[in-house]
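By convention here, the first residue in the shown sequence is residue 1. Computation of the quantities below employed the complete heavy-atom set of this structure, encompassing side-chain atoms and omitting hydrogens, waters and symmetry-equivalent molecules.
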Amino acid sequence: MAINISFNGATIYKPGAYSKTSIDLGGGFPLSPTGLVAIFGEADAGMPGADEVSIANSVFSPEQLPQIKAKYRSGPIVDACNFLFAPGADGAIPGGAQAVYVYKTNASTQASMNLAGSYGTVKAREHGVGGNRVTLKIVGSGATRTITLNSKRDLLVESATVGGNEVLSVERAADVGITAATVEVDDSKVQLVDDLGTHDFVKSEYATLADLADAISLVSGWSASVPSGQDGRQSPSVLDQIGASSALGSALMIKKDAAEVAEFFANSGIALVEEQAKAGLPSAQAEIALSGGSRGATLAAEITDALSKFEKVRVNAVVPLFSRDASEDVADGATASGSTYTLDGIHQAVKTHLSLMRTVKKKSERQGYLSMKDDYVSCKSKAQELADAGIQLCIQDVRQLDSDGNIKWFQPWAAAAMLAGARGGSPIGQPMTFKYFNMAGIRHTGQAMSTAEQNISLDFDPDLQYDDAIKAGITFWEAPQTRGFRLVVDNTTYGKDGNWVYNRAHVLYAADVLAYDFRNQLESIYVGLKNTVSAAEIKSTCESILGTYLAQGITVSTEDAKNGFKQLVVQINGNTVNISVVVKLVEGIDFVLADITLQRATSVA
């Protein structure tokens with residue numbers, strides 16, 4: 001047996017120097033992404049969330065506000081994104097949400113038009129009533145048509161002349177004994193038939209028309225070519241589909257009319273065509289507006305569908321853009337008459353979602369930012385009913401600019417969005433208590449949004465009823481004499497006892513981030529390795545990861561835990577690593593208590 005050595009999984013026979021590289025994991029680790037927010041609500045345009053292939057395709061970062069507005073036009077989704085990305089008016093809130101996942105709940109429809117002769121259906125690309133402002137005009141006869149799309153609202157016109165291009169010539173020589181020869185083009189092939197037999201040419205097997213023509217010309221008695229002036233590099237898929245047509249003794253010229261029509265609509269930013277004819281051109285028609293586009297209603301089932309899709313992505317916060325029952329929003333013109341959602345249903349669905357995502361198997365902790373527009377007594381009752389450490393309940397209307405630059409009052413969901421954005425744009429563990437927000441006004445009323453300003457009746461005063469609201473678990477803002485609008489306390493709806501984590505949203509957020517990150521870091525490093533790794537090595541890695549939390553201000557250095565943790569124990573039992581550790585989690589300072597002793601001034605000469 002030849003002399004060899006085993007090294008790094010290889011058996012080596014040839015003398016020489018060999019190496020392997022190991023990475024020292026003691027240098028620290030980057031924190032997992034935070035500031036990830038999921039929202040669901042209505043918009044005036046955009047594809048309904050139920051029709052999105054994947055929620056991962058509907059995520060936006062702060063610099064993508066123009067794309068958000070282009071897709072959704074206006075409405076709660078667009079406004080909420082503005083609030084999420086720029087929530088603060090305070091140096092302690094340096095940014096906003098880092099990424100927002102969007103689920104549009106209202107089932108908007110596209111305006112459409114059926115073309116004459118069952119040629120196809122033209123649909124506006126935009127979902128919603130905006131598509132009703134699109135017109136289609138087709139002029140011309142014979143070999144060409146000029147198609148014009150006009151978006152009247154956006155003053156955008158697209159036009160092109162299509163048709164008339166013969167791209168493939170096929171002919172069967174009139175040899176003795178040949179009485180008939182036909183060419184047929186269907187969806188998948190070009191078929192030649194004559195008295196000697198049938199020849200099929202599968203279009204997908206030829207990269208270009210020139211390749212197809214060369215192949216046809218190899219068949220005895222047949223010839224084909226790409227006419228002069230046409231591009232032989234085009235795919236055979238551009239050919240019009242035709243029934244069996246004679247090519248005996250004279251060239252059969254095949255066009256690409258339908259492909260040119262399809263290309264025009266494929267490149268259009270205004271409309272698309274569906275179920276298009278496979279050959280020829282559409283009939284001419286006068287300018288006609290597309291119709292049938294609607295904003296659409298939000299059904300109760302959309303709420304559960306949204307939350308189901310959010311299970312598939314990592315987020316830190318969930319914000320429903322609803323503060324009332326559908327019946328009240330319908331009366332205010334804020335949703336379509338067919339909407340069926342209820343606020344109780346939304347709140348319970350979010351609460352269930354949060355509980356599910358905290359389970360051992362789901363392991364994706366997140367917080368809910370809920371809202372309610374109702375009288376103060378009802379809001380208190382709702383907060384006490386929710387009683388959840390992962391939920392904050394906002395109850396005040398907010399005055400702000402909408403996506404079109406108009407100053408207006410928004411329902412309390414706007415405040416909830418700002419709070420979620422501020423959390424995502426601040427250092428982890430930063431309390432929102434006494435932080436100033438980007439608001440132009442606050443108020444609390446259960447009255448309809450359409451109520452005239454002079455007729456608004458306020459039934460909660462944060463300057464007088466603060467203790468009552470805090471004890472109920474409500475999150476609210478005040479307008480201090482120093483001006484601006486400040487969050488009074490960063491509390492949750494928990495309130496069952498004095499738990500220092502569950503009663504403060506920023507503390508729970510820090511705990512959630514730490515648990516998620518610590519778990520995922522160790523999983524990515526060690527799961528799948530052999531248990532030849534030592535407990536001491538894993539412990540060293542844990543120390544490095546935990547050190548990152550101290551540097552990030554998630555944990556605090558104390559006399560008994562200088563590095564923000566203590567009592568770290570790692571054990572390896574077969575295929576399982578058990579880790580236990582005590583961490584010193586960050587808290588916000590809520591109270592400053594000064595004990596002042598006054599003394600009388602005396603003087604001795």
Side-chain angles (χ1 to χ4, degrees), residues 44-48 51 53 70-71 73 107-168 183-190 203 209 230 234-245 252-296:
D44 292 331
M47 181 181 292
D51 295 337
V53 176
K71 179 176 181 177
R73 303 297 299 189
S108 301
T109 58
Q110 296 162 276
S112 63
M113 172 190 299
N114 293 322
L115 297 174
S118 300
Y119 189 86
T121 300
V122 175
K123 284 188 175 180
R125 290 196 177 272
E126 179 179 320
H127 289 71
V129 297
N132 298 330
R133 299 291 309 281
V134 172
T135 65
L136 172 66
K137 182 179 181 181
I138 304 175
V139 298
S141 59
T144 64
R145 301 287 188 277
T146 297
I147 305 173
T148 302
L149 289 167
N150 190 333
S151 176
K152 302 290 187 177
R153 180 195 60 200
D154 300 329
L155 303 179
L156 178 64
V157 176
E158 297 172 345
S159 185
T161 298
V162 297
N165 288 300
E166 298 172 330
V167 293
L168 185 66
V183 177
E184 182 176 350
V185 181
D186 64 21
D187 193 49
S188 62
K189 65 183 182 298
V190 176
K203 290 190 282 187
L209 287 173
Q230 296 296 330
Q234 296 177 86
S235 167
S237 62
V238 303
L239 294 172
D240 274 1
Q241 294 184 26
I242 58 174
S245 303
L252 173 67
M253 308 301 291
I254 305 174
K255 298 180 180 180
K256 60 164 187 169
D257 287 350
E260 291 187 14
V261 174
E263 182 180 15
F264 169 77
F265 282 102
N267 293 329
S268 170
I270 299 175
L272 54 87
V273 64
E274 293 181 347
E275 300 177 355
Q276 184 196 339
K278 303 299 184 180
L281 299 169
S283 300
Q285 66 170 53
E287 184 176 24
I288 302 174
L290 277 59
S291 61
S294 67
R295 192 176 189 275

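At a threshold of 4.5 Å between non-hydrogen side-chain atoms, the residues I254 and V190 do not count as touching.
S268 contributes no side-chain N or O that, together with a main-chain N or O of A266, makes up a donor-acceptor pair within less than 3.5 Å. Side-chain atoms of T135 do not come within 3.5 Å of backbone N or O of K152 as any donor-acceptor pair. Of the possible polar contacts, none joining the E274 side chain to the K123 backbone as a donor-acceptor pair under 3.5 Å is found. Side chain of N150 to backbone of L155: no donor-acceptor contact under 3.5 angstrom is found.
No side-chain donor-acceptor contact under 3.5 Å links T121 and E275.
The structure places CD of Q110 at 10.5 Å from OG of S294, a figure rounded to the nearest 0.5 Å. Summarising the geometry, atom CZ belonging to F264 is positioned 11.5 Å from atom CG belonging to L272; distances are rounded to the nearest 0.5 Å. Separating the CG atom in L149 from the CD atom in E287 is a distance of 10.0 Å, to the nearest 0.5 Å. Distance check, rounded to the nearest 0.5 Å: NZ of K278 to CG of D187 gives 5.5 Å. Here the CG-CD distance, from N165 to E260, works out to 4.5 Å after rounding to the nearest 0.5 Å. Within the model, atoms CG of L168 and CG of L239 stand 5.5 Å from one another, a figure rounded to the nearest 0.5 Å.
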Decide side-chain contact (heavy atoms from CB on, under 4.5 Å) for S159 and T146; before the verdict, give the C-alpha distance in whole Å, the side-chain angles of both, and the deciding distance to 0.1 Å. CA-CA 7 Å; S159 185; T146 297; 3.7 Å; yes

Audit row: V122, V134, side-chain contact (heavy atoms from CB on, under 4.5 Å) steps and yes/no: CA-CA 10 Å; V122 175; V134 172; over 6 Å; no

Test V185 against K203 for side-chain contact (heavy atoms from CB on, under 4.5 Å), laying out the working first. CA-CA 9 Å; V185 181; K203 290 190 282 187; 4.1 Å; yes

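Nearest heavy atom pair, residue L115 against residue P282, reads CD1-CB, 4.3 Å. Closest heavy-atom contact between A124 and L290: N-CD2, 3.5 Å. Of all heavy-atom pairs between G163 and L281, the closest is CA-CD2, 3.9 Å. Contact record, Y119 with V261: OH-CG2, 3.5 Å, taken as the closest heavy-atom pair. In plain terms, the two heavy atoms of V238 and L209 that are nearest each other are CG2-CD1, 4.2 Å. The shortest non-hydrogen separation linking V273 to Q276 is CG1-OE1, 3.8 Å.
Using a 4.0 Å cut-off between charged side-chain N and carboxylate O, E263 and K256 make no salt bridge.
For the salt bridge (Lys or Arg N to Asp or Glu O under 4.0 Å) with D44, the qualifying choice from K71, R295, R73 is R295, the only one to do so.
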